[in-house]
Amino acid sequence: MTKVAPRKSDSLRSDLKVVADMVATEARVLDVGCGDGALLDYLIRHRGVDGRGIELSQAGVNACVSQGLSVVQGDADTDLGYYPEGAFDYVVLSQTLQATHKPRSVLLELQRISRFAIVSFPNFGHWQCRWQLLRRGRMPVTDSLTEPWYETANIHLCTITDFFALCRDLGISVDRAVALRRDGSAKIVGNNVRIANFFGAQAVFLLS
């Protein structure tokens with residue numbers, strides 16, 4: 001099992017808490033785009049997982065390694081192919097899909113190398129995005145989309161409805177979908193996807 005150095009806090013962002021709750025204890029987990037390792041560290045401590053990570057930025061890798069986390073530098077678009085089929089129980093892609101060049105291919109790779117994939121992303125169908133586009137005619141800047149269009153790493157923004165459609169086209173099963181409002185409150189997406197698409201600032205999907 002991976003051993004990590006102590007962290008100052010076990011607090012997580014609201015979307016990462018939802019992700020963590022979807023992971024079974026003692027599972028094999030790969031966190032793709034793991035950032036500073038906050039989620040990976042939490043899962044190891046509180047879920048007892050065998051955790052690994054991939055992070056594109058050298059600063060992120062350094063932050064993870066300094067905590068004792070098993071993280072390598074890598075790119076979701078190009079490096080998932082190195083992992084064998086079924087290597088993990090869960091692969092997490094948190095707030096990263098919209099920054100990939102080939103989201104469709106990345107999703108298929110997640111399905112290939114894991115039993116379950118957990119994917120989260122900012123919802124471009126949120127009412128605040130729609131209102132800013134309607135009122136100002138400019139790309140929105142919100143709590144979930146914090147950077148102006150010319151500085152953001154996001155290149156393939158989508159809505160909750162779009163993501164459901166993509167999963168259907170790829171034959172991927174959506175086991176659970178959760179929409180998070182601006183205040184961080186979470187609500188399971190039921191039959192009325194349009195309502196979730198309108199009010200959800202972010203979304204977290206459990207796929208199999």
Chemist: Please determine whether a side-chain nitrogen of the Lys or Arg among Lys102 and Asp77 lies less than 4.0 Å from a carboxylate oxygen of the Asp or Glu.
Modeler: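 Looking at Lys102 and Asp77, the cut-off is not met.
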Chemist: Any chance you could lay out the side chain to side chain contact (heavy atoms under 4.5 Å, CB included) test for Asp41 and His46, step after step, and finish with the verdict?
Modeler: CA-CA 9 Å; Asp41 172 85; His46 296 278; over 6 Å; no
Chemist: If you take all heavy atoms of Asp36 and Ala38, which pair is closest and at what distance?
Modeler: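 Shortest heavy-atom contact: OD1-N, 3.1 Å.
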Chemist: Tell me if a side-chain donor or acceptor on Asp79 pairs with a main-chain N or O of Asp75 at a distance below 3.5 Å.
Modeler: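 Yes: the side chain of Asp79 pairs with the backbone of Asp75.
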Chemist: For Asp21, is there an ion pair with Arg47 - N to carboxylate O distance below 4.0 angstrom?
Modeler: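 Yes, Arg47 and Asp21 are salt-bridged.
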Chemist: Is it the case that one hydrophobic cluster holds both Val49 and Leu16, taking links as side-chain heavy atoms less than 4.5 Å apart, direct or via other members?
Modeler: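 Yes, because Val49 and Leu16 connect within a single hydrophobic cluster, where side-chain heavy atoms sit under 4.5 Å apart.
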Chemist: Quick check, are the ring centers of Phe88 and Phe116 under 6.0 angstrom apart?
Modeler: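 Phe88 vs Phe116: aromatic centres not under 6.0 Å.
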Chemist: Once you round to the nearest 0.5 Å, how far does SG of Cys34 lie from CG of Leu69?
Modeler: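 Spacing of SG (Cys34) from CG (Leu69) equals 7.5 Å.
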Chemist: Does the Glu55 side chain pair with the main chain of Gly60, one donor and one acceptor, at a distance under 3.5 Å?
Modeler: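 Absent.
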Chemist: Minimum heavy-atom separation for Leu12 to Ala20, with atom names?
Modeler: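 Taking Leu12 first and Ala20 second, the nearest heavy atoms are CD1-CB, 4.4 Å.
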Chemist: Let me know which of Val141, Thr142, Thr146 forms a side-chain contact (heavy atoms from CB on, under 4.5 Å) with Ser144.
Modeler: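 Checked Val141, Thr142, Thr146 against Ser144; only one passes side-chain contact (heavy atoms from CB on, under 4.5 Å): Thr142.
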Chemist: Is there a chain of hydrophobic side chains (I, L, V, M, F, W, Y, each step under 4.5 Å between heavy atoms) that links Val189 to Phe121?
Modeler: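 The answer is yes; both residues are in one hydrophobic cluster.
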Chemist: Can you name the closest pair of heavy atoms from Val178 and Ala186 and give their distance?
Modeler: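 Smallest interatomic distance, heavy atoms only, reads CG1-CB, 3.6 Å.
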Chemist: Do the side chains of Tyr150 and Leu145 join up, straight or via other hydrophobic residues, at under 4.5 Å, putting them in one cluster?
Modeler: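 Looking at the clustering, Leu145 is in the same group as Tyr150.
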Chemist: Is the backbone of Ala59 close enough, under 3.5 Å, to the side chain of Asn62 for a donor and an acceptor to pair up by distance?
Modeler: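 Such a contact is absent between Asn62 side chain and Ala59 backbone.
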Chemist: Please check if Val91 and Val19 belong to a single hydrophobic cluster, counting links between Ile, Leu, Val, Met, Phe, Trp and Tyr side chain heavy atoms closer than 4.5 Å.
Modeler: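 Val91 does not cluster with Val19.
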Chemist: Enter the distance from Phe163:CZ to Gln98:CD here, rounded to the nearest 0.5 Å.
Modeler: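 Phe163 CZ to Gln98 CD: 10.5 Å, rounded to 0.5 Å.
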Chemist: Measuring only between side-chain heavy atoms, which start at C-beta, is Phe124 closer than 4.5 Å to Pro140?
Modeler: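 Yes, at least one pair of side-chain atoms sits under 4.5 Å.
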Chemist: Are side-chain heavy atoms of Arg112 and Leu80 found at a separation under 4.5 Å?
Modeler: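 When only atoms from C-beta onward are counted, Leu80 and Arg112 do not touch, as no gap falls below 4.5 Å.
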Chemist: side-chain contact (heavy atoms from CB on, under 4.5 Å) with Val29: which of Asp50, Leu39, Val92, Ile118?
Modeler: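 Checked Asp50, Leu39, Val92, Ile118 against Val29; only one passes side-chain contact (heavy atoms from CB on, under 4.5 Å): Val92.
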Chemist: Which distance, rounded to the nearest 0.5 Å, do you find between the CD of Gln132 and the CH2 of Trp127?
Modeler: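 The distance works out to 9.0 Å.
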Chemist: Looking at NZ of Lys17 and CG of Leu180, how far apart are the two atoms once the value is rounded to the nearest 0.5 Å?
Modeler: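 So the NZ of Lys17 and the CG of Leu180 are separated by 11.0 Å.
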Chemist: Would you say the side-chain atoms of Thr100 pair up with the backbone N or O of Leu97, donor to acceptor, closer than 3.5 Å?
Modeler: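 Present.
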Chemist: Enumerate, atom names and distances included, each donor-acceptor pair closer than 3.5 Å involving a side-chain atom of residues 194-208, sequence neighbours excluded.
Modeler:
unit_1	atom_1	unit_2	atom_2	d
Asn197	OD1	Ile160	N	3.0
Asn197	ND2	Thr161	OG1	3.2
Gln202	OE1	Gln95	NE2	2.9
Ser208	OG	Asp175	OD1	3.0
Ser208	OG	Asp175	OD2	2.9

Chemist: Roughly how far, to the nearest 0.5 Å, is CG of Leu30 from OG of Ser70?
Modeler: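 Reported to 0.5 Å precision, the distance equals 9.5 Å.
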Chemist: With a 3.5 Å distance limit and no angle check, can you tell me whether Ser66 reaches the backbone of Ala63 through a side-chain donor-acceptor pair?
Modeler: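 The answer is yes, because a donor-acceptor pair under 3.5 Å joins these two groups.
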Chemist: Does Asn191 have more than 12 heavy atoms from other residues, nucleotides or ligands lying within 6.0 Å of its CG?
Modeler: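 Count not over threshold, so no.
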Chemist: Got a donor-acceptor contact below 3.5 angstrom from the Ser114 side chain to the Leu110 backbone?
Modeler: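 Yes.
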Chemist: Any donor and acceptor pair, going by atom type alone, linking the side chain of Arg28 with main-chain N or O of Ala87 inside 3.5 Å?
Modeler: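 Answer holds: yes.
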Chemist: Inspect the contact between Arg13 and Asp15 and indicate whether a charged nitrogen and a carboxylate oxygen are less than 4.0 angstrom apart.
Modeler: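 Yes, charged N to carboxylate O under 4.0 Å.
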Chemist: Taking atom SG of Cys158 and atom CZ of Phe164, what is their separation to the nearest 0.5 Å?
Modeler: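 Reported to 0.5 Å precision, the distance equals 11.5 Å.
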Chemist: Examine distances only and state if a side-chain atom of Gln73 and a backbone atom of Val61 form a donor-acceptor pair shorter than 3.5 Å.
Modeler: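 The answer is no, because no donor-acceptor pair under 3.5 Å joins these two groups.
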Chemist: More than 12 foreign heavy atoms under 6.0 Å from CD1 of Ile188: is that the case here?
Modeler: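 For Ile188, atom CD1 is not crowded (no more than 12 foreign heavy atoms under 6.0 Å).
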Chemist: Do Val119 and Ile54 sit in one hydrophobic cluster, given that two such residues count as connected whenever their side-chain heavy atoms are within less than 4.5 Å of each other, even indirectly?
Modeler: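 Linked, Val119 and Ile54 end up in one cluster.
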Chemist: When you look at Asp169 and Arg104, which way does the side chain to side chain contact (heavy atoms under 4.5 Å, CB included) test go after all the steps?
Modeler: CA-CA 10 Å; Asp169 292 345; Arg104 183 179 183 278; over 6 Å; no
Chemist: Taking all heavy atoms of His156 and all of His101, pick out the closest pair and write down the distance.
Modeler: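 In this case the closest contact between His156 and His101 is CE1-O, 2.9 Å.
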Chemist: So which heavy atom on Arg130 is nearest to which on Gly125, and how close?
Modeler: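 Smallest interatomic distance, heavy atoms only, reads NE-O, 2.6 Å.
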Chemist: Judged by atom type as modelled, is there a donor-acceptor pair below 3.5 Å linking the side chain of Arg45 to the main-chain atoms of Leu40?
Modeler: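 Not a single qualifying donor-acceptor pair exists.
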Chemist: State whether the side chain of Thr96 and the backbone N or O of Ser94 hold a donor-acceptor pair below 3.5 Å, judged by distance alone.
Modeler: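 Flag set: sc Thr96 to bb Ser94 pair under 3.5 Å.
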